[in-house]
Amino acid sequence: MNAKKTKSRFEITLTFVTWFAIFLLWFLVTNLREVSSLILPSPQEVWKTFIAIVQNGYNNISLWQHLSDSFVRLFWAVIAAFVTAVPLGLLSGYFGKFRAIIDSIVQFYRPIPPLAYYALLILWMGIDDASKVTLLYLAAFAPIYIACVAAVNSVNQDYILSSRSLGASQKDVFLKIVLPACMPDIFTGLRTAMGFAYTTLVAAEMTAATSGIGWMVIDASRYLKSDVMFVGIIIMGITGILMDSGLLYLENKFIFWKGKD
Amino acid sequence: MKRRKLFGWMLTFLASSTLAACGGSGDTTSDLPEEINIGYLRVPNDEKIAKTEALFDEYFAGKGIETNFLVFDSGVEANQAFASGSIDFASMGNTNGIIALSRGLDVELIWLHEILGEIEALAVRKDSGIEKVEDLAGKSIATTFASTSHYSLLQVLNEAGIADQVQLLDMQTVDIVAAWERGDIDAAYTWQPSLGSLLENGDMLVSSEQVASMGHQTANVLLARKGFTEQYPELTADFIAALIAGGNLYRENPEQAAAIVAAPLGITVENALGQMQGSIWLTPEEEISEVYMGTSESAGAFSKVMKETADFLLEQGSITESPSQEEFDAFINPKYIEMYLER
């Protein structure tokens, strides 16, 4: 027990040391060497730009507005994906015929890069948020769906057979055995989906957006504002970690039976 | 303890190897380069003629130099390629040339492809009821940010006093056409050949020719990487020679020149000719006149145009600092045109 705690403390230290080393390296490379700030802005420049953006916004829009616009798009997409992918995934895992219909469609579009069909989404749905949210939705749907199908298939068959022999109905088996057993995997799928959707955010905000953290990075790249790009990327990285940590916290709090067979 | 020691060695190795990588010089000097990387725009200009007619090969193929052409949707991508050192020459709008200079890219402006006229314009829908610029208040207008179209549009809106009353949408040219087809946008300021698609069911409200007459001239320019031009000045003059040959072909036979570029651009010959006539093509003598680039001894008026444009972009917040007039004078380098004329 003690060894385990020491190990986790060592791992935490290792994480901090790694990031300290990265920042130290970044500081040294940009301050001791003749590296153009266009190629690699120094931590001081990035910090200064971050403060300026916090105080004055970017392109006459506050940083909080950029963040909230992005997160509204992101959360609508992930919620819609969760609401549709979970039932479809569970049904596909539970009923072979259902899976035959849905699975091939998901497997077909899943490997296609979002940018490949984004132009089509714009043609079909216009330049407003509908096409952006749909793109993020498609990115988030597949991981949740696949996690659900896999979760149903990995449910211990002994539990199902035992409950059936005790007179449980199909509905009872599904709601009281299959669903709780699948919840840990569904949450893992949700975390993966959030990551997928977040990585697609920049692509979604490339066309006809006027705000959003992804748009901020794209716009800065047009004017070669590397410092702003770094600020945007770091913000996206940190908020991504925070979102994932939040989901992990919820998983540990509400799916307390995870890992207990 | 062993683990800590190993970790320390790994960190030291990582730091030293990264610093070494940053400090190492990648320049190898040879008589001639193996290849020349050229970024171009999908517009019917001297470069497009020279590329399609393989005029560059006349100067480079015989010397064993391969010419690689990369198409860019706008100068934004060209600047990113310059920043990474991936290209030697690139065409772009002069606004992107300003961005390149203001961000410290090691490049110089060596040629003006064309002074923009009706090749770039603000298009509105035929049924929109928009008859003058002021009617655009409350409407959504698409353009490609950081381009000459964006700059011209901002000037037009400023002159009309409605800059803060419209919604500007940043789009690539292909997306502008798609949004126009769907009816998602009320107007768009863009360039040919996309502009032609919009004008099929739209009207030209203002062209860059009119914007130039307001005192806001724009141009498509050629930027070159200084690392290349300084090492290979003769090859740079050869590059200019190929462009001049393309321009001469247009001046001698406009219809033939239009036919040359029409197919690769996917437009009709009539359309191509109209586009080519929609901008001013300069002779090498005109290029180095005081009206445009000037000479190595005396800067021309185009340097002042660039400075005024830069000041406007600074005011708009597009760039963080406007280069000085002296910096623009040094940035515009007519030396290679002069070398060509001395041959």
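Naming convention: chains lettered A, B, ... in sequence-line order (proteins, then strands); numbering from 1 in each chain. None of these values were measured; they are calculated from a predicted model.
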_Heavy-atom pair with the smallest gap, counting every atom of B:Ala179 and A:Ile127_ = CB-CG2, 3.8 Å

For [X], which atoms come within 4.5 Å of any heavy atom of chain A: side chain, backbone, both, or neither?
{"X": "B:Ala142", "answer": "neither"}
{"X": "B:Leu168", "answer": "backbone"}
{"X": "B:Gln167", "answer": "side chain"}

_For chain A, which candidate among B:Thr320, B:Leu169, B:Asp170, B:Asp175 shows the most heavy-atom pairs at distances under 4.5 Å?_
B:Asp170

_Contacts with chain A made by residues 184-200 of chain B (heavy-atom distance under 4.5 Å), listed by residue number_ = B:Asp184, B:Ile185

Would you find more than 12 non-hydrogen atoms of other residues, nucleotides or ligands less than 6.0 Å from [X] atom [atom1]?
{"X": "A:Phe20", "atom1": "CZ", "answer": "no"}
{"X": "A:Phe196", "atom1": "CZ", "answer": "no"}
{"X": "B:Lys126", "atom1": "NZ", "answer": "yes"}
{"X": "A:Trp26", "atom1": "CH2", "answer": "yes"}

*Which residues share a side-chain hydrogen bond (donor to acceptor under 3.5 Å, both in side chains) with A:Thr84, sequence neighbours left out*: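 If we apply the side-chain hydrogen bond (donor to acceptor under 3.5 Å, both in side chains) test to A:Thr84, skipping adjacent residues, the hits are A:Tyr137.
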
*Looking at side-chain heavy atoms only, is the closest gap between A:Leu224 and B:Leu105 below 4.5 Å?*
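Yes; the side chains approach each other to less than 4.5 Å.
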
*Side chain of A:Tyr223, backbone of B:Ile99: donor and acceptor closer than 3.5 Å?*
no

_Heavy-atom pairs under 4.5 Å with chain B: which of A:Ile122, A:Leu38, A:Ile218 has the most?_
A:Leu38

